[in-house]
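Here, residue 1 is the first one in the sequence, and each next residue gets the next number.
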Amino acid sequence: MKHNPMIGKHVHNNRESKEGQILRFVREVRKLSLTDVAVKIQLKAMDIDHYENGRRFYTPDEIDMFLNLYQLKKEDFEHLLSLKVVTKQIVNYYMINHKS
């Protein structure tokens with residue numbers, strides 16, 4: 001059996017946070033860089049990246065802060081969360097059709 005170099009190592013690409021994925025897609029659709037967002041909310045770009053990639057978890061207040069910055073209604077965010085599969089194309093289509 002071949003040795004798998006990934007076993008026992010910390011993997012940084014887990015993308016298990018659906019909230020983070022959606023907020024990343026919305027940020028990208030809004031054409032905001034990590035630096036743009038970091039400056040506006042006074043965080044480090046790396047911290048935002050950690051949220052988006054599931055290495056840090058959002059509090060309800062932090063989610064509200066990002067939704068406000070991205071001009072996304074909470075109901076729209078909750079609807080996107082309820083979808084089985086979320087891609088950047090789905091988020092973009094949803095935002096265009098719901099004028100969030």
Hey, could you give me the [atom1]/[atom2] distance between [X] and [Y], rounded to the nearest 0.5 Å?
X: Leu83; Y: Ile22; atom1: CG; atom2: CD1; answer: 7.0 Å
X: Leu67; Y: Glu75; atom1: CG; atom2: CD; answer: 10.0 Å
X: Ser17; Y: Arg24; atom1: OG; atom2: CZ; answer: 10.5 Å
X: Phe66; Y: Leu72; atom1: CZ; atom2: CG; answer: 13.0 Å
X: Leu34; Y: Glu28; atom1: CG; atom2: CD; answer: 8.5 Å
X: Phe25; Y: Lys88; atom1: CZ; atom2: NZ; answer: 8.0 Å

Can you name the side chain to side chain donor-acceptor pair (under 3.5 Å) partners of Asp36, sequence neighbours left out?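 With sequence neighbours excluded, Asp36 shows a side chain to side chain donor-acceptor pair (under 3.5 Å) to Ser33, given in chain and number order.
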Nearest heavy-atom neighbours spanning Leu43 and Asp47: CD2-OD2, 4.3 Å
Heavy atoms only: give me the nearest Leu80-Val86 pair and the separation to one decimal.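 Smallest interatomic distance, heavy atoms only, reads O-CG2, 3.5 Å.
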Do Asp76 and Met95 pass the side chain to side chain contact (heavy atoms under 4.5 Å, CB included) test, and can you show the C-alpha distance, the side-chain angles, and the key distance before you say yes or no? CA-CA 8 Å; Asp76 292 338; Met95 290 175 63; over 6 Å; no
Would you check, one step at a time, whether the test salt bridge (Lys or Arg N to Asp or Glu O under 4.0 Å) holds for Lys73 with Glu78? CA-CA 9 Å; Lys73 296 176 189 165; Glu78 290 170 353; over 6 Å; no
Quick check against the 3.5 Å criterion: does [X] have a side-chain atom that pairs as donor or acceptor with the backbone of [Y]?
X: His98; Y: Tyr94; value: yes
X: Lys18; Y: Leu81; value: yes
X: Glu62; Y: Thr59; value: yes
X: Asn68; Y: Asp64; value: no

Does the side chain of [X] reach to within under 4.5 Å of the side chain of [Y], using non-hydrogen atoms?
X: Tyr58; Y: Leu23; answer: yes
X: Ile41; Y: Ile48; answer: yes
X: Glu19; Y: Phe77; answer: yes

Is it the case that one hydrophobic cluster holds both Val39 and Leu32, taking links as side-chain heavy atoms less than 4.5 Å apart, direct or via other members? no
Can Arg30 be said to sit on top of Tyr70's aromatic six-ring, NZ or CZ under 6.0 Å from centre and within 45° of the ring axis? no
